[in-house]
Structures are given as C-alpha cells and as structure tokens.
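Proteins come first, then strands; the chains are lettered A, B, ... in the order of their sequence lines, and each starts at number 1.
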Amino acid sequence: MPEHEVVEHDVLVIGAGGAGLSAAVAASAAGVKVGVVTKSLLGKAHTVMAEGGVAAAMANVDERDSWKVHFADTMRGGQYLNNWRMAEIHAREAPDRVKELEAWGALFDRTRDGRILQRNFGGHRYPRLAHVGDRTGLEMIRTLQDHGIHQGIDFHMEHTILTLLKDGDRVCGAFGYDRERGRFKLFRASAVVLATGGIGRAFLITSNSWEYTGDGIALAYHAGATMLDMEFVQFHPTGMIWPPSVRGILVTEGVRGEGGILVNSAGRRFMFDDIPDNYRSSTADNEEEGWRYVTGDKNARRPPELLTRDHVARCIRREVREGRGSPHGGVFLDISWIKAKVPNAPEHIKKKLPSMYHQFKQLGDIDITKEAMEVGPTTHYMMGGIKVDAESQMSDVAGLFAAGECAAGLHGANRLGGNSLSDLLVFGQRAGKFAADYARQNPARTFPRDQADDAARRALLPLERQGSAEGPYAIQHSLQSRMQDLVGIVRREEEMLAALDEIAALKHRAATVGVPGNREYNNGWHTALDLDSLLTVSELITRAAIERKESRGGHFREDYPDKSPDWGKYNIVIRKGAAGEPEVSRVPVQPLPAELQQVIEENK
Amino acid sequence: MAEAVFRIWRGTAAGGQFVEYRTEATTGMVVLDAVHKIQAEQANDLSVRWNCKAGKCGSCSAEINGKPRLMCMTRLNELPLEKPVTVQPMQAFPIIRDLVTDVSWNFEVKRKIRKFSPRAADAPDGTWRMAQADVDRVQEFRKCIECFLCQDVCHVLREHKYFDTFIGPRYFVYAAALEMQPIDKENRLSDLRDPHNIGYCNIGKCCTNVCPEEIKITDNAIIPLKERVVDEFYDPLRMLFRVFK
C-alpha cells in the first residue's frame, strides 16, 4: 500500500447534519482542533428536510408548558422504554439550545409580542415546536453551518469513512476516502463523534436520501460498541405515494398540526375510530373540538390525527388493507377543507405550509389548497442505534461518541415529531463538549497502519472485479424490497427468519460485487461500499425485531399484536460476538427515580 | 408514456462528450429519476450529485436542455420528449466528472462575508423581540437551498470568470439576509462595494429567473443592497459632509 494522506484533529466528527454540526461547534468552542467529515456537501444533510419544528418547552404560547410536561410526553411517546435521564436532559436543555440558535442568527416565526412562536404537534400536550413555516430544518442547518465556518473547523466534504481505527480498546481515528477523487485519507483523532443519521435506505419506501445507510451504527458495531433498541424503526404515517417517482417523500406532520384531516375513500375521518386508552383523556372525541384545538383553544383536546406516528401509520395501513384506501393505495390528507372555517384559506395554507404547497404542485400536480393529498407510511427514522452514556454521549468504546439519530435511548419505542431537531441540538452539543474533554485528557498516540491498509484493500475489490460481476444497485434494491416486505411496518416471526436468510444470501452477493470505471466520483463504487453498512443494520434490526415478542411503538408484530407488561421491562441490546456473530440480549430498563415517576403521574 | 432519449454529458476536466441513453419515461418521472434509472441499468459509474430528491437540498443542479435547473424538480412531462433531452453539468464551475462540478469556490466565498453579529439581547433571559413582518422579509432569503444555479447563470461568473473579485447572486442574497436581519449590528456595505463588487451586477435578472425557490434575488436583495451602498458612499450630500467633517 502506498502512503495514505494523514489529517490530524483532536476531535473528528463524522456527519454534518444538525447533530454533527452542533458537536463540531461545541468541541471547537471548547478549544480543541475539530474536523468534520460529510458524505455530501455542507448543508445538504437530511436535517434540511425536517419540516415541522424543534420541540422545546419555552412556554411562549402556552404558559402551562414546562420541561416536566415535555419529559412526560416524550416518555409516554416512547412507551417508557426511553433512557429516562436522556429524556430529562433533553427536556431541560432544549429551550436553551433553541435560544442559542437565535443568538447565532436563526429567524423563527414570531408570536404577536415578538417572541419565538410555537406550534402543535403529535404527542406534545402544548404548542411546543419552534418553527419557520415548514422549513425549520433548513433554517437550523444553515444557522449551524454559517456559525461553524467561522469557528476554525476543518470540513472534509464528500468523504466517506470506511472504518474506525482503534488502539487497543480506544478509538484513535478513522479511515476513509474522498468521493470526488477516490483518494484514501487517514484521520488521526483522540475522540470521534458519530453523527451519521439514519438507516432509511435499508427499506424500499423511505423519506431518507441515499446517504442514510446506517454507516455510524455499522462502524460502531464493528468497533465493538453496543447497539440498543434496534427493533424500533419509525414509519412516518404521511409520505407521498403518487406519482411513483416521489413515493416516500415526507409530508410534514405540520399539515395535521394546522388542521389537516385524514379521511378514507368513504370520506370518513377514520382516526376517531381507534384511540388508544393511554391517550383517550387527552384526545378530542368530536371534530369540532379537534378544530378548536388546532386553532389555539387551550381548553380543547387534540384531534386524533395528532396521535403518535406509530399509531397513525397503523390506522392508515388498516384502512388500506380493509379496502377503504385511496386510488394509489394510501388515504387522503386534506387541509383544503379549512376553507369552510378560515377566510382566505388558500393564502393561509400557502403561508403556513409553503414547501408542502410547492412540493405537491410541482411533483404531483396537486393544489393542496383545493384538493386532498394521497399519503401513506414511509420509513422515516431510527429510534435505535448506538447505546450511549446519557450525560456524555460516549459509547461503550472509549473515545467513541454518538449523537442524533444514530444514537439511541432518548426516544424509546417511538419518537415524537419535533423531538429529533431538539435531540440533535442538545446531544450534539453534549457529545462535542465531552469529546473535546476526552480528547484533551486522553490524547491518542498510536495509529495502527494495518487497519487502514486492510480497509483500503477491501474497498478496492469491487473496482478490481469491474463490470463482469453483479453491480451494486441490483443488490441494494433486493435488500430494500426484502426489508420492506419482511421487516416493515407489520412483522411476523417466520417472515423475519426468512429475512435473515435473505440477508445472508445478499452478503454473499455483496462479497463479489463489481463496478465499472475508476475511483473518481464513481457512484457505483460508492454504492458498493455502502452495502456493508446497509446489510449490517438490516441484520441487527431483524434480529432485535425477532427477539421482541410483543407490539410496542414502532415495532408491531402480527403474531404478538398486544403490548406486554413483561416486555416493557426490557431493552434489547446487540453486541458483536467473538466469532463475529451478533449477540442479542435483554437488559432491564433503568428504573425511574421517584421524583420523575411523580412527574409522569402528574402529567398522565 | 413512451421511451425517451437522454443525451448525458460524460467526461472529466480533460474533456468529454454527450452519450445517448434510451429509457422508459413513466408517470410523474423527473429528470433525476431518468438519470438514476440509466445509472442503475446501463451506466453504474455515471456521476451525479443528489440528496433529498424534493427540491430542498440543492444538490442536483445541472443544465437541462441548456437551462440551469434542479434535476429532481424537472418533470419529464414538461419537456419535449420527441427530441432528446440534454443533461450537462453546470458550465460556470470546473468539471469533476460527468454531471458533477467542483462548487467548493462557493463555500470559500461565504467565509469572506462578515458573520452575523447580534445586538445585545432585548430581554433579561437573553432573547430578542422581533416583529413577524421584519422576519418575513429576511425569511425569503433564508429559503435559499444553495443550489448555486444563480451563480451558474450569472454572466459575471459564467462568461467573465470574475471569481476573484465578485461574490455572485447567492452571496448577495446571503449578505442581504444578514444586513436585513432585525438584530444584526454588523455593517457589510463597504465590503459589498469592494472587494465584493456588487457594482458589476447589471441587474439582468438571470439569477432570479433560475431560482428554484423563487427568491426575487435581483429586486429584493441586490437592488436594495445597491441602493444602500450608493446611499452610503455616493450620496452627494453625504460626500459633502465628509469633506467638511
């Protein structure tokens, strides 16, 4: 192997979405040298797609809100499998992080008295989401990006990490390549923060872009870290379904927050038909009360369209399966009906949901101010991921931190909308700060060259096989369709066992994948190299899902359709065993301290 | 729908040519879908940069039938499919490979613009009070997805190659967003005059015409900035004051 280019940082952040940028800014502010690696250009990560807002109990719109209510909402939404300490830290610190964004130049929508406006969202008791129309994520990533570029952070755009480097039990850097020219690069670092986001590309229908192949989860798993809650994948209830080319693209929950209703082919608001017991007391039982809620009546209860995402997604699936779906296999989401209630409704809708209006008009020939949208569930978010320490975000591997979607714990079995952007800010910042501390106290001194050479050799194999072997796109597509069919929104034991066989077979195919061309910006090569992460996370998801024999949150099993109090006592963790096989085990959920139990009781 | 013909530019900085591909055009398809289909089935190593596929990240900028556009937001049914559809990389930036260009210059330019600098907080809790109307004006500029199509089409960059002395429409929008930010106290007018040379812009509105976010770049960002620069540096009365000061 020729010499690799070497780059040195104290803290290396992998990923440049909201969590990665927050971590980089915090680490840099702590006075260490920071590098950020991102598969895309800066500012393109999936955080830009986040629409609804960032959840933070600032109580600007409803003074009854507080961190305690936010904490209780998050725990209820997560069906009490959450790491309670993360949920507490998140609820307590989110308001400060939002204020910090404003101090860095973010411009949120305002209340009449000039403060940050907050909107209603599924599972949140009070209007809590700070937002900018329906492009909150763009505002957030741009603010962090524009702040970060003046902090002396080094950005390595369009780079992919192939492996983490370890010196004994600790992390000491990472090894990857630049996508533009295909040159290998060795990143020396005393601490590494993983902020690689989700795994949506393991499924066929997803709101995620090509980037979300679970790289961080796979890197950490292979480096010996523990994975937590891998069975909990969030299928967002409302993705676009027609035309085929836009299938999966997200339709923000904000549409429902602004009064949008879900109806079936018979015109019935079917969400009133099935309201879970633990939400019955806080959910409207008639349409009129639901409307009052979305227009700000503090005495009204929320409409059932704003129940948690797992529940809404399953109700939609039920309507479709029982023959009451829309022409293209979804249901109708209608915001245009508010013209009966609001003067000048089309303008109001365009103002509140500008990018939704734009998206449907341009890609679907639908004017959402005049007609209903067709929507159906789409793979959206990974609740599970790398198990981390609640305070510091360090994984089980010394010097390896994780934040945002690739980390696990905060959301339990189901994430509430709006809790992702706040997660990125709160835990991104913590990961950056603690990684900087760790790097300062434990500088890495040895950087094993053989691990890098080994990764480089393996990475070049698909190019050496060239076009004679099977290409990567066919393998990727097979995996996505098998995961969609066998480990999707409704799961059964025998199907998941079949999925494990399929994954094993796909691993064999991936081991002989070939791509034409050379190393320069070769999408085929990149796709071939991403297969390893995709296959790893797919297997971990499937194994955890087989293990959990109940239905809870994002994990629904047709063969065990009920929630089991017994299973509510355990989280599922997976580690890589000595022989390289995943070892699945159960660990007891950490018991809540009495005062937080009290908070939950008070907010039931 | 029927078969469509795509002429996609393939090559590197050293040179290249259009290569013809035939593929099925189906309902609702956008140009990026066609490029992906060709990539998956006929040309695995075809280089294309993309991300969200919903017009929100600004990664898939290219020139389609000669017009700068996002591939993910260009529907096939709005193109004349009886003729081949040409897809080529943005012409103002250096080619990396196929449809991918080196846009790193843009990221360097941004660093040169004076950063946001807020006035002291309005409230004891460290927060500010702003009116929605004041925020609205800036939010138009904050919609920018940094696709750089406006930079691609701007003749000062595209034809005259003034990359060293001109920041381009994207960064006038960026500067306008900062200048009109209700709580920002920095002044960027001197920089805008020189070295950013806003004066080179002759308000041809090519940038406005290609903006996928429909930001009125020329009318709402560049012209107001030009007016502020003129007021600050070329107002005869102020010049007189400066002489006698």
Side-chain angles (χ1 to χ4, degrees), chain A residues 40-46 48-49 99 102-105 107-110 113-117 132-133 135 138-139 142 146-147 149-150 155 157 180-181 209-211 242-246 249-250 355 358-359 362-364 467 471-474 477 515-518 520-525 527, chain B residues 12 26-30 32-33 39-41 43-59 72-73 75 96-98 100 102-104 107 110-111 115-116 118 121-123 125-132 135 138-139 142-146 174 178 181-184 214:
Chain A
S40 282
L41 296 172
L42 199 50
K44 310 299 185 194
H46 230 49
V48 296
M49 296 290 285
K99 289 173 195 167
E102 183 153 282
W104 294 343
L107 284 175
F108 293 99
D109 286 349
R110 316 307 295 185
D113 64 349
R115 295 185 297 163
I116 293 173
L117 182 61
V132 185
R135 54 160 198 87
L138 173 63
E139 185 71 14
R142 200 66 84 229
D146 295 350
H147 184 72
I149 59 173
H150 295 288
F155 290 100
M157 295 197 290
E180 292 187 358
R181 306 287 172 204
S209 85
W210 65 268
E211 289 197 281
W242 188 257
S245 80
V246 298
I249 295 177
L250 197 67
S355 62
H358 199 211
Q359 186 173 310
Q362 211 158 342
L363 296 174
Y473 295 98
H477 189 268
V515 286
N518 60 30
E520 281 186 11
Y521 218 109
N522 186 340
N523 288 146
W525 186 42
T527 304
Chain B
T12 63
T26 54
T27 311
M29 216 164 164
V30 294
L32 185 61
D33 292 320
Q39 185 187 51
E41 294 167 4
N44 276 192
D45 62 341
L46 171 60
S47 307
V48 56
R49 187 185 271 135
W50 69 284
N51 240 307
C52 76
K53 216 178 158 292
K56 289 184 182 148
C57 77
S59 298
C72 72
M73 296 303 275
R75 296 272 299 266
I96 292 177
R97 207 170 145 231
D98 301 344
V100 179
D102 179 355
V103 292
S104 56
F107 292 90
K110 192 184 240 185
R111 267 186 229 257
K115 66 178 183 182
F116 171 71
D122 299 334
D125 66 350
T127 61
W128 288 268
R129 300 290 175 266
M130 293 177 236
Q132 184 65 44
V135 167
V138 185
Q139 281 179 342
R142 304 277 296 179
K143 283 195 306 188
C144 172
I145 56 175
E146 301 196 332
Y174 182 63
L178 287 163
Q181 221 281 7
I183 62 173
D184 178 77
E214 296 173 5

Any donor and acceptor pair, going by atom type alone, linking the side chain of [X] with main-chain N or O of [Y] inside 3.5 Å?
X	Y	result
A/S245	B/D33	no
A/R142	B/C144	yes
B/Q181	A/G105	yes
B/Q139	A/L107	yes

Is there side-chain contact between [X] and [Y], with heavy atoms separated by less than 4.5 Å?
X	Y	answer
B/F116	A/H150	no
A/D146	B/K110	yes
A/N518	B/R97	yes
A/P472	B/N44	yes
B/R142	A/V132	no
A/L42	B/F107	yes

Checklist entry - With only heavy atoms counted, which part of A/W242 is less than 4.5 Å from chain B, the side chain, the backbone, both or neither? => result side chain
Next on the checklist: Which atoms of A/F108 are under 4.5 Å from chain B, going by heavy atoms: the side chain, the backbone, both sets, or neither?
Outcome noted: backbone
Partner chain A: residue of [options] with the largest heavy-atom pair count (under 4.5 Å):
options	value
B/I183, B/I145, B/D125, B/D102	B/I145
B/A131, B/A43, B/C72, B/S59	B/S59
B/R49, B/K143, B/E41	B/R49

Contact part of [X] toward chain A, heavy-atom cut-off under 4.5 Å: side chain, backbone, both or neither?
X	result
B/V48	both
B/N51	both
B/A40	both
B/R75	side chain
B/L32	neither

For the student: nearest non-hydrogen atoms of [X] and [Y], plus distance:
X	Y	result
A/Y473	B/Q39	OH-CD, 3.1 Å
A/E102	B/W128	OE2-N, 3.8 Å
B/M130	A/R110	O-CG, 3.4 Å

Item to check | B/K53 vs A/M49, side-chain contact (heavy atoms from CB on, under 4.5 Å): CA-CA, chis, key distance, verdict | outcome: CA-CA 10 Å; B/K53 216 178 158 292; A/M49 296 290 285; over 6 Å; no
Checklist entry - For the candidates A/H358, A/E180, A/H477, which exhibits the highest count of non-hydrogen atom pairs separated by less than 4.5 Å from chain B? => result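 Of A/H358, A/E180, A/H477, A/E180 has the most heavy-atom pairs under 4.5 Å with chain B.
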Item to check | Most chain B-contacting option - heavy-atom pairs closer than 4.5 Å, from A/V48, A/L363, A/I249, A/T527 | outcome: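 Maximum pair count with chain B is reached by A/L363.
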Next on the checklist: So, taking the atom named CD in A/E520 and the one named CG in B/D98, what distance separates them when rounded to the nearest 0.5 Å?
Outcome noted: 10.0 Å
Checklist entry - Roughly how far, to the nearest 0.5 Å, is SG of B/C57 from CD of A/E211? => result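 The SG atom of B/C57 is 8.5 Å from CD of A/E211, to the nearest 0.5 Å.
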Checklist entry - What do the steps show when you test A/K44 against B/E146 for side-chain contact (heavy atoms from CB on, under 4.5 Å), and what is the final call? => result CA-CA 9 Å; A/K44 310 299 185 194; B/E146 301 196 332; 3.9 Å; yes
Item to check | Partners meeting salt bridge (Lys or Arg N to Asp or Glu O under 4.0 Å) with B/K56 (sequence neighbours left out) | outcome: A/E51
